[in-house]
Amino acid sequence: MSSRTTTRRFAAALCTGLLTVSWGAVAAQPAVAHSDDDAAQWQNATPGNSGDAGRPDSPGNSGDAGRPDSPGNSGNAGRPENPGKPGAPGRPGGDDDADQDQCAFAPEGGRTSYEADRDSLRAHSDDDIRIGNVAAGGGHHTDEEYPDPFPDDADYREHLAEEFSSITHENYLKWEFVHPEEGVYDFEAADAVVEFAQAHDMDIRGHALSWHSQNPEWLEEGDHSPEELRAILEEHVRTVVSRYAGCIQQWDVANEIFRDDADATIRGEENIWIRELGVEILDDIFRWAHEEDPEALLFYNDYNVDGLNAKSDAYYGLVQEQLDRGVPVHGFGAQTHLSMQYGFDETYRENLERFDALGLHTAVTEIDVRGEVDEHDRMSDEDRAGAAERYARVLQACLEVENCNSFTIWGTLDAHSWVPNTFPGEGDATLHEGDYERKPTYCILQRTLVEHQEGTEAWAEDAAFEECRGILSEASV
Ligand code: G3I
C-alpha cells in the first residue's frame, strides 16, 4: 500500500469521523438474494446463475489481525477530497504519474518468482498473454459433501500454481462473500487467494465490484434510500479496491449489465445499482475504483458477447460515450461460456478488435466449452474435438488482438465447474480429467501457445510436448 493511498484513506476517515466498519466478527451466513430470470436468460447458450441460496460455510473472518498495513476503513461516504485523478482516464494503463502500489499481501521481498515447467501452460504465458483459472468457490453440487477446493486441497492449489500465471477468485470477491452484513467485511477467503497469487507469481483478475447477482440479502432486501445505497456502494468499492491495490491487475467493475433481449436493454430492474441510482452510477463506480488503484485496469465483463451482436454493440456504444466523458474504463471482457449445442461466432476476433481499436484492453475472462455428456460425464469424441477447436480459436483470436493479454478458463476440474449444476446433462467443459490428466482441450491450448511463440517446429519436435502431441493425435485433433 503506498503511503499516498494510506494517507488519503485515513485523512478521509478522520474528516468524516466514520471509522465505523467492523473488521471483526462476521455474523451468521446470509441468504442470497437472486434476481435472475434464469431459464430464459440461459436459453441461448449462456451461463446461468443457479439460484444459489445461501453461501457455503462462511470462511470465518479475517479480522485482519497480523496485517498491519491492512486497509482500515475510511467509511468514506462522500469522499469530498477526491476529485478524480489526472493522468489518462479512459485509456488503458491508468495514470502515467501514479506510483506503483505495493501489494500489501506480497511476501517479504515482494512477489515471488516461479519457475514453470516447459510442459505447462504457464511456461508459455508472458506479459502478452496471461493464462488463468479460478480459485473456485465450490458449492456447485447439492447432493454431496463439497468442500471448497482452494482452501482444502493442496494438490489443487499446486496444480493451479504449476499451470497458470493468473487467477481469479470466482466467488470469494462477490458481495455475498466479502460484504455479508451491512458494515461488515469478511476478507479471509479472498485474502488467501491473493497471498497465494503473490507467493506464486500470479496476476489476479478481480471479480466483481458490481453485479445484479450474488448480492447479500441485507442489500437486496434492505430498505435503503438512494443516497444510502450510493454511500454503501462507494464505500464497498473503495474498501475492496484499496485493500488489494497493487495486487489485482484487472477488475471486473461492472458485470453483466445488459440483458439478452433483442435490443440488449440495460438491466434496469435486476441490477439494484442501476435501478435505484440510474445508469449514470456506472461512471462513478469506475471513477471510485480508479481513484483507489490507478494502476488497475477496469473492465466491463459479460457473457454472450462472443462476436458482433446486439449485446456487444450495446457495450461498444456505452464505452464510447464514457471514454468521451473521460470515465476511466480500460477493458472489455468476453466471458466466453460456449456450448457445443450452438455454433461458434465467426466474428469473435472482430469484436475484440473493435474494442481494441477504441484503445481498450480486452480479455477472455471465463472461457469454458460445455456439451452433452454420457454416464461418465464425458462428451462424444466429436464434441470433444469441436470443443478443443473452439478453445484454440478463442485463444488464437486473443493472441492476435494486440491488447488482449489475459485468457482465463472458468474451472479447473469438471467437479468444480459451475456447468453441471446449471445445465443438467451438460459438462466436460474444462481442461482436465478428474485426476488432472490432460484433455485435448488442454493440449490444444499448449499447442496454440507454443506455435504462436516458437513456431510449428518447436511444437512438433520438442520432447517436452510429447504427451500433448500424443493426446491430440489420439483424439484426432
Ligand atoms: O452458498 C451455497 C452453500 O450454502 C450451499 O451449500 C452450496 C450448495 O449448493 O451452494 C452455495 O452457493 C453456490 C455459490 O456458487 C457459491 O459457491 C451456489 O449454489 C452456486 O450456484 C454458485 O454458483 C456460482 C455462480 O456464478 C452464481 O451465479 C458459480 O460458482 C460461479 O462459477 C458462477 O460464475 C459466474 C460469474 O460470476 C459471472 N459469469 C457467469 C459465471 C457462471 O455462471
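Just follow the structure's listing: the first ligand is 1, and inside any ligand the first atom is 1. Heads up: numbering here begins at 1 and tracks the sequence.
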Atoms of ligand 1, numbered as shown, that sit under 4.0 Å from any heavy atom of N255: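 The list of qualifying atoms is 38 (C).
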
Which of the numbered atoms in ligand 1 are below 4.0 angstrom from a heavy atom of W211?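 Matching atoms, with element in brackets: 28 (O), 37 (O), 38 (C).
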
Side-chain (D126) to main-chain (I129) donor-acceptor, under 3.5 angstrom: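 The answer is yes, because a donor-acceptor pair under 3.5 Å joins these two groups.
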
Counting heavy atoms only, which of [options] is nearest [atom]?
| atom | options | answer |
| --- | --- | --- |
| atom 33 (C) of ligand 1 | E256, Q335, H169, K174 | K174 |
| atom 40 (C) of ligand 1 | E176, E366, Q214 | E366 |
| atom 32 (O) of ligand 1 | H416, H337, H207, E170 | E170 |

Please work out whether any backbone atom (N, CA, C, O) or any side-chain heavy atom from C-beta onward of V134 is under 4.0 Å from ligand 1, and answer side chain, backbone, both or neither.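 Answer for V134: neither.
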
Residue part near ligand 1, for Y303, under 4.0 Å between non-hydrogen atoms: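 Within the 4.0 Å criterion, Y303 makes no contact with ligand 1.
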
Quick one: does NZ or CZ of K311 land under 6.0 Å from the six-membered ring centre of Y303, within 45 degrees of the ring axis?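 Yes, cation above the ring, under 6.0 Å and within 45°.
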
On the six-membered ring of F423, is R370 placed so that its NZ or CZ lies under 6.0 angstrom from the centre and within 45° of the ring axis?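 R370 over F423 ring: yes.
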
Which residue is it: H236, H212, H207? I am looking for the one with a ring pair (Phe, Tyr, Trp, His ring centres under 6.0 Å) to W175.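 Only match with W175 under ring pair (Phe, Tyr, Trp, His ring centres under 6.0 Å): H236.
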
Restricting to pairs with a member in residues 384-435, which pass disulfide bond (SG atoms under 2.5 Å apart), not counting sequence neighbours?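 Disulfide bond (SG atoms under 2.5 Å apart) check on residues 384-435 returns C398-C404.
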
Do N171 and ligand 1 have an N or O pair less than 3.5 Å apart?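 N171 vs ligand 1: N/O contact under 3.5 Å present.
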
Once salt bridge (Lys or Arg N to Asp or Glu O under 4.0 Å) is applied, what residue pairs with a partner in residues 155-169 remain, sequence neighbours excluded?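 Counting only pairs at least two positions apart or across chains, the salt bridge (Lys or Arg N to Asp or Glu O under 4.0 Å) contacts touching residues 155-169 are E163-R438.
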
